[in-house]
Amino acid sequence: MTRDTSGQVCVASRDMRDVPIYDPAAIEAAWQARWAERRTNEPDLDSPARPFYNLMMFPYPSAEGLHVGNMFAFTGADIHGRFQRLVGNTVFEPIGYDAFGIHSENYALARGINPAKLIPQNIATFRRQLHRMGGMFDWRHELSTTDPGYYRWTQWLFLQLFKAGLAYRKRAAVNWCPKDKTVLANEQVINGQCERCGTAVEQRSLDQWFFRITEYAGRLLDNLDRLDWSESTVALQRNWIGRSEGAELVFRTPAGQAITVFTTRPDTVFGATYLVLAPEHPLVDELTAAEQRPAVRAYQRAVQSRDIVARRVGEKKKTGEFLGSYARNPATDESIPIWIADYVLMEYGTGAIMAVPGHDTRDHEFATQFKLPIREVVRVEGEQLPVISEEGVLVNSRQFDGLGCREGARRIVAWLAERGVGSSKVQYRLHDWCISRQRYWGPPIPIIYCDACGPVAVPERDLPVELPLIEDFRPDDSGVSPLARHTEWYNVPCPSCGKAGRRETDVSDTFLDSSWYYLRYPSTEFTDRPFDPARTKTWLPVTTYIGGNEHAVLHLLYSRFITMVLKDFGHVEFEEPFPKLRAHGLIVKDGAKMSKSRGNVVVPDAYVQQWGADTFRMYLMFLGPFQEGGDFRDTGITGIRRFLDKVWVLAHEAVTAAEGPVPPEVLTKLHQTIRKVTADTESLNYNTAIAAMMEYVNLVREKDAANKTTLRRLILLLAPYAPHFAEELWALLGGTERSVFDVRWPEVDETFLAGGSVEIAVQVNGKLRGRLVLGRGASEEQVVALALEMDGVKKFVNGGKIRKAIYVQDRVLNLVV
RNA sequence: GCCCGGGUGGCGAAACCGGUAGACGCAAGGGACUUAAAAUCCCUUGGGAGGAAACUCCCGUGCAGGUUCGAGUCCUGCCCCGGGCACCA
C-alpha cells in the first residue's frame, strides 16, 4: 500500500513493478514555479509571429473566492489557449478583476470595512486560486478596474463620449432599489425586482447620465450577421435590441396639436377608434379638458406611486382615464377620443398609440372595459375579434378593402405620407444606457458643475479623479452618492471659468469598466495612454472570446457600442471587438444556479487540494459539453484520476522497457485519436476529446503497447487539459524542450487511417441481422455475397428475392426483400 | 404570449452529412490478489422473453403521426424541463 502526503491512495504499476507515485501537489507546484521562472507564459507582445488573443471574461473578485463555475469557464478557455499555442500561435492569455461595483460594495457594507481595503484581499485570494488552477496567464498584464491607473482611462472614455455629445444628462424616471439604495439599469431589473437582492424596484425621478447607445441600435443589430458567435448569444442580443418595423402616424386635434403614434400595423389605421397616451406624456396637460383635469391628475398620481412591478408585470385589469378631448383619425377623418393609460409606456415609441381594439389584444381589453367602439378592419375566415393575424384581408378600409395586410400597410403609409401625416419607421426596444450610480464604489464621473458654464469636463490632464477613501461610504435614501456628503472633495473650481464649482458625486456603472478592459490588457504598462496604438494594432480585435451567456446582453452589447464609438472617433481601427465568441454553459448544483443565498456554491479549492488541478480541470471538462454546462457532482472525479494514473504508469514503463514494435491497430487508433482530439479540442468539445484519449489508453493497455514515441504524441494531446502532468511526463520521456507547450501538436498520418478492418452492419429490411468484419474498402458485390451466406440473414431473406441492396461504404448494407 | 436551448440506461453523457443507439466515465454486482480492507486487475450491467449453453428473438432515444430501403437525427402537430424577453403598440 502506498499513500502520498495528502493521504490519497495511489497506484502502483499494474504488474507491481515500481513506479513512482503520481503526486499532483508536488508536480504542479514545481511546474508553476518553473513557468514563472522561465517566463513560459509571457509572449512577445511587440513582434509575435502569429498573435492570438485568447480572452476570457474576467471575474469580479467576490469574498467567497473563485467558485467552481469560474474555474469551469477559465479551464475551458485555457485549454483553448494552450491548444492554439501548440498549433503554432503566439497566445496572449491575460486575466484581471472586475472589482468595482455593487457586489463588492455590498459585501464591504455587510462587513463594515471600506471596499478599498477589502477588495485587495479578495483579489489576492483569486490570484492564488488562478495560479493554482494552472492557467496560461500572462501575469505581467494582470489588471484591476479599481486601480486609478485603470479607471483614469475609464473616466477618459466617459469624456470622449461627453465631448462627442453621446453622454447626456436628463431627469428620468429610473429604477430605484430601496434596499441597495441605488438606481438600477433596466437590465438589472428582473421581473420588477432588483437582480441583486430581489427587492421590488420603485420608480424615482433623478438626474442621470446616459449614453446614446440607441443611436447605434441599427449598427449593433446589423453587425450581428457578420459575427462568428454562438447562436444563442446572437439570439439574446437580437431580442434585446428588439427591432420593429412600422410607421409613425400623426393624429391632429381640432386645435392643431399633433399626436404622433408608432404602430407596427399601419394597415389597421381605419380601425383606430381612440388614442392612448402614456400618463407621463408631455401633451397630456394641454390636451386635458377642464372638467377632466381632477380625474386625470388623480390617475397620473396613482400611476406614479404604483411600483414598477405592478405596472410592468401584473394587473390584468386595464386602467385609464379619458382626457375629455378628441383627435382626427387621419385615415377616416373621424373624431376619436384621447385617453391616458399605464399600459402605454413613455419609454417606447412615441409614448402614444392609436388603439385598434379589433386587432390588438390589449386595446381590445381596454375598449371592452371602457365601452369604446371596436371595429373590424382585417377579416380572417372563421375567426372572431380580436384578430391579430396578418394573414387576412382588409375590410371597412375604403379604397384599400380586399388587400392583404402587408400590401395594405405599404399602400396606406404611402397614402398618408402624401398628405404629410405618416412615414415608415423602424423602432428599437433598446433604451439609452444609464451609467450613473448613486454609490461609492466606482470611478467618479469626471464632470464639474458650474453655475456659469454648466457641466464641464474635467481636463484630461487632471485624470484620474480619484475616489477618496472615506469612512461613511454607506448609501442613504437621499438619492445622492455618499461622496455628496464630502464638501472637501466635491468643492473645486470650475476648470473653464475658475469660479466655484462642484464635482459630480455619482460614480459610473461597473459595465463601463468592463466595456473596454480587453483594450487595456496588451497595454497595461503604458501609463500615458489607455491603449497603445501599435499593441492594439497587433493584438486586437480579440481572436477568441469565451464567456457565459449571463453577459450576452449587457457586457457584450456595451463593449460593442464602446468599440464602435472609439472607431468613429479614430481611436481604434475596428468596430467589433469580438469577431469570434463562444458561450460556455452554466455549472449548476442540484439543478439550481449556484448562489450564496441558496447556499449551494461549490468552491474548487478542496477538490484541487485533494485531486490536483489537472485532475479537477479534466473532470470539469468531462462533466458534459463545455458549451452546455451541467450539474456539478463530484462522483466522477475518480474516473479522471484513474485515467491519469494509467498514463503515468504507461509512461514510466515505457521509459524502462525495451522499445518494441507497435501493433498496427494501435497505430491506426493513435491517428484516429489525434484526428478526433484535434477536431474536438478546436471546436471546444472537450468531453468527447477526453473520451477519445481514454479509449486510446484502454487499447494501449490491452495490447500492452506502451512505447515512448507514441506516448509522446498522447502527452501532447493531453497537454492543454492537464498541463502540469504533461510537462512532467514530456520531460520524463526525453523531451529536451523547456516546455511541452513549445512543441508542435502531432499530425495525423492518413496512411495509418486507411488500414485496419471495419465492421459492417448487415440489415434486412432495415433491421440489423448481423455484422461482417472486413478490410476497409470492400466492394458492394463482395459484401452482398458474404452477407447472403450469414445464417441470420438467410433466415430473414428466407429464399425471397432481393429487390434492392443499399450499401454505404464500410458502414452498412441493407437488403430489401 | 414571443425567442433560444433541451428531453437517450440507475447517473453524467456519446452517436460525422439520415446508416450497427448507449462510445467514454460513474455507480452497482461478481471474481482475482490480500490475514483483512483500500488500491489494482478481470468479467457483467437498457428492458423483456426463450435456452443447459454458445446463443436467439421481441421492445426501446418525451408523445402521436409522416417521409425514407433505413429516423435519436428530417417534416407536421402536441407534452414537459431550463434560460431569455414581455402591457414594446
Side-chain angles (χ1 to χ4, degrees), chain A residues 1-3 8-16 190-191 230-236 238-240 242 244 246 261-265 276 311-316 318 341-345 347-356 360-363 365-366 388 427-429 549-550 552-553 585-586 588 591 593 619 622-625 627-631 633-640 642-643 645-646 649 676 679 685 687-688 690-695 698 701 759-771 791-792 795 803-809 811-817:
Chain A
M1 160 181 133
T2 47
R3 279 177 193 274
Q8 177 61 45
V9 176
C10 285
V11 276
S13 167
R14 64 197 148 121
D15 56 4
M16 295 302 153
I190 309 296
N191 283 331
S230 296
E231 260 315 306
S232 55
T233 315
V234 173
L236 288 166
R238 261 208 190 100
N239 230 306
W240 189 262
S244 291
V261 303
F262 173 71
T263 177
T264 52
R265 295 292 303 275
V276 187
R311 178 153 179 193
R312 290 239 163 140
V313 185
E315 313 242 335
K316 282 275 166 287
K318 292 276 183 288
D342 70 352
Y343 80 94
V344 175
L345 308 172
E347 316 90 81
Y348 186 75
T350 62
I353 62 158
M354 63 173 201
V356 184
D360 180 281
T361 38
R362 294 151 307 184
D363 297 345
E365 233 175 88
F366 190 83
I388 312 304
Q427 180 67 47
Y428 297 96
R429 221 198 47 207
N549 261 344
E550 68 272 23
V553 180
L586 192 67
V588 297
K593 207 166 154 175
Y619 165 66
F622 195 55
L623 211 56
Q627 300 188 63
E628 283 171 35
D631 207 329
R633 310 154 317 273
D634 50 16
T635 53
I637 304 182
T638 39
I640 297 289
R642 287 204 267 254
F643 166 70
D645 277 337
K646 287 171 190 171
V649 170
K676 178 143 179 74
N685 293 122
N687 56 333
T688 48
I690 293 170
M693 291 188 271
M694 288 173 166
E695 273 188 65
N698 289 346
R701 281 160 51 84
E759 202 176 64
I760 298 168
V762 180
Q763 302 175 337
V764 178
N765 290 336
K767 283 199 183 244
L768 182 70
R769 295 303 174 194
R771 297 181 172 90
D791 288 343
K795 191 159 114 194
R803 290 196 291 137
K804 200 170 168 189
I806 291 125
Y807 178 56
V808 181
Q809 188 68 52
R811 277 192 166 271
V812 67
L813 173 72
N814 188 14
L815 300 170
V816 186
V817 294

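Just so it is clear: chains get the letters A, B, ... in the order the sequence lines come, proteins before strands, and each one is counted from 1.
Applying the 4.0 Å criterion to OP1 and OP2 of U40(B), one finds that R701(A) has every side-chain N and O outside that range. Here K646(A) does not reach the OP1 or OP2 of A39(B): none of its side-chain N or O atoms lies under 4.0 Å away. Distances shown here put a side-chain N or O of N687(A) below 4.0 Å from the OP1 or OP2 atom of A14(B). Phosphate proximity of G1(B) to T361(A): absent, as no side-chain N or O sits under 4.0 Å from OP1 or OP2. Residue R642(A) has a polar side-chain atom (N or O) positioned under 4.0 Å from OP1 or OP2 of C26(B).
Here N549(A) lies out of heavy-atom contact (under 4.0 Å) with every strand. Using a 4.0 Å heavy-atom criterion, one finds that T638(A) contacts the sugar-phosphate atoms exclusively. Contact annotation for V816(A): backbone-only contact, meaning every heavy-atom pair under 4.0 Å involves sugar-phosphate atoms and none involves a base. Note on E759(A): a base of the nucleic acid sits closer than 4.0 angstrom, heavy atoms only. Note on I806(A): a base of the nucleic acid sits closer than 4.0 angstrom, heavy atoms only.
The backbone N or O of A352(A) sits less than 3.5 Å from a side-chain atom of T350(A), completing a donor-acceptor pair. Judged purely by atom type and a 3.5 angstrom limit, R429(A) has no side-chain atom pairing as donor or acceptor with the backbone of S244(A). Using modelled atom types, one side-chain atom of N765(A) and one backbone atom of V817(A) make a donor-acceptor pair closer than 3.5 Å. Side chain of N814(A) to main chain of G766(A): a donor-acceptor pair is present (N/O by atom type, distance under 3.5 Å, no hydrogens or angles).
Spacing between C79(B) and C42(B) at atom P, rounded to whole Å, works out to 50 Å. A64(B) and G29(B): their P atoms are spaced 35 Å apart (whole Å). Comparing C80(B) with A27(B), their C1' atoms sit 27 Å apart, to the nearest whole Å. Between G5(B) and C59(B), the two C1' atoms lie 31 Å apart (nearest whole Å). A distance of about 23 Å separates the C1' atoms of U76(B) and C69(B), rounded to the whole Å. To the nearest whole angstrom, the two P atoms, one in G18(B) and one in A71(B), are 14 Å apart. For the P atoms, the distance from G60(B) to A21(B) is 12 Å, rounded to whole Å. Between U8(B) and G62(B), the two P atoms lie 6 Å apart (nearest whole Å).
Nearest nucleotide to the E695(A) side chain, out of A89(B), C87(B), A23(B): A23(B). Ranking C16(B), C85(B), C26(B) by closeness to the R811(A) side chain, first place goes to C16(B). With A89(B), U20(B), C4(B) as the candidates, the nucleotide lying closest to the side chain of A235(A) is C4(B). When each of G12(B), A89(B), G19(B) is scored by its nearest atom to the side-chain atoms of F622(A), the top-ranked nucleotide is G12(B). Here the side chain of T264(A) is nearest to one of C57(B), A89(B), C4(B), namely A89(B). Out of C24(B), C57(B), U20(B), the shortest distance to the side chain of R769(A) is found at C57(B). Comparing atom distances between the N814(A) side chain and each of G70(B), C87(B), A14(B) picks out G70(B) as nearest. Set against C24(B), C85(B), G19(B), the side chain of Q763(A) has G19(B) as its closest nucleotide.
One can place NZ of K767(A) at 14 Å from C1' of A21(B), the figure rounded to the nearest angstrom. Distance, I637(A) CD1 to C26(B) C1': 11 Å, rounded to whole Å. Between the CG atom of L768(A) and the P atom of A15(B) there is a distance of 21 Å, rounded to whole Å. In this structure, the CD atom of E628(A) is 13 Å from the C1' atom of G83(B), given to the nearest Å. A71(B) atom P lies 11 Å from atom CG of N765(A), rounded to whole Å. The distance between atom CH2 of W240(A) and atom C1' of C3(B), rounded to the nearest whole Å, is 14 Å.
Mapping S232(A) and R265(A) onto RNA chain B by nearest heavy atom places S232(A) at the nucleotide closer to the 5' end. Of the residues near RNA chain B, N698(A) and R771(A), the one whose nearest nucleotide (by heavy atom distance) lies more toward the 5' end is R771(A).
In plain terms, the two heavy atoms of M694(A) and G639(A) that are nearest each other are CE-O, 4.3 Å. Here the closest non-hydrogen pair linking N687(A) and P625(A) is ND2-N, 3.5 Å.
Glycosidic conformation of C26(B): anti, with the torsion beyond 90° of 0. Base orientation of G6(B): anti, since the glycosidic angle falls outside 90° of 0.
In this structure, the side chains of I640(A) and I690(A) come closer than 4.5 Å at one or more pairs of heavy atoms. A 4.5 Å side-chain heavy-atom check between D363(A) and M354(A) finds every atom pair outside the cut-off.
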Practice item. Represent RNA chain B in dot-bracket notation, 5' to 3'. Only Watson-Crick or G-U wobble pairs with both distances under 3.5 Å count; pseudoknot-style crossings use [ ] and interstrand partners use |. Key: (((((((..(((......[....))).(((((.......))))).(((((....)))))..(((((..]....))))))))))))....
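Residue N239(A) places no side-chain atom within donor-acceptor reach of the base of C85(B), judged by atom type and a 3.5 Å distance cut-off alone.
Using bins of under 30°, 30° to 60° and over 60° for the plane-to-plane angle, the ring pair Y343(A)/F366(A) lands in the tilted bin.
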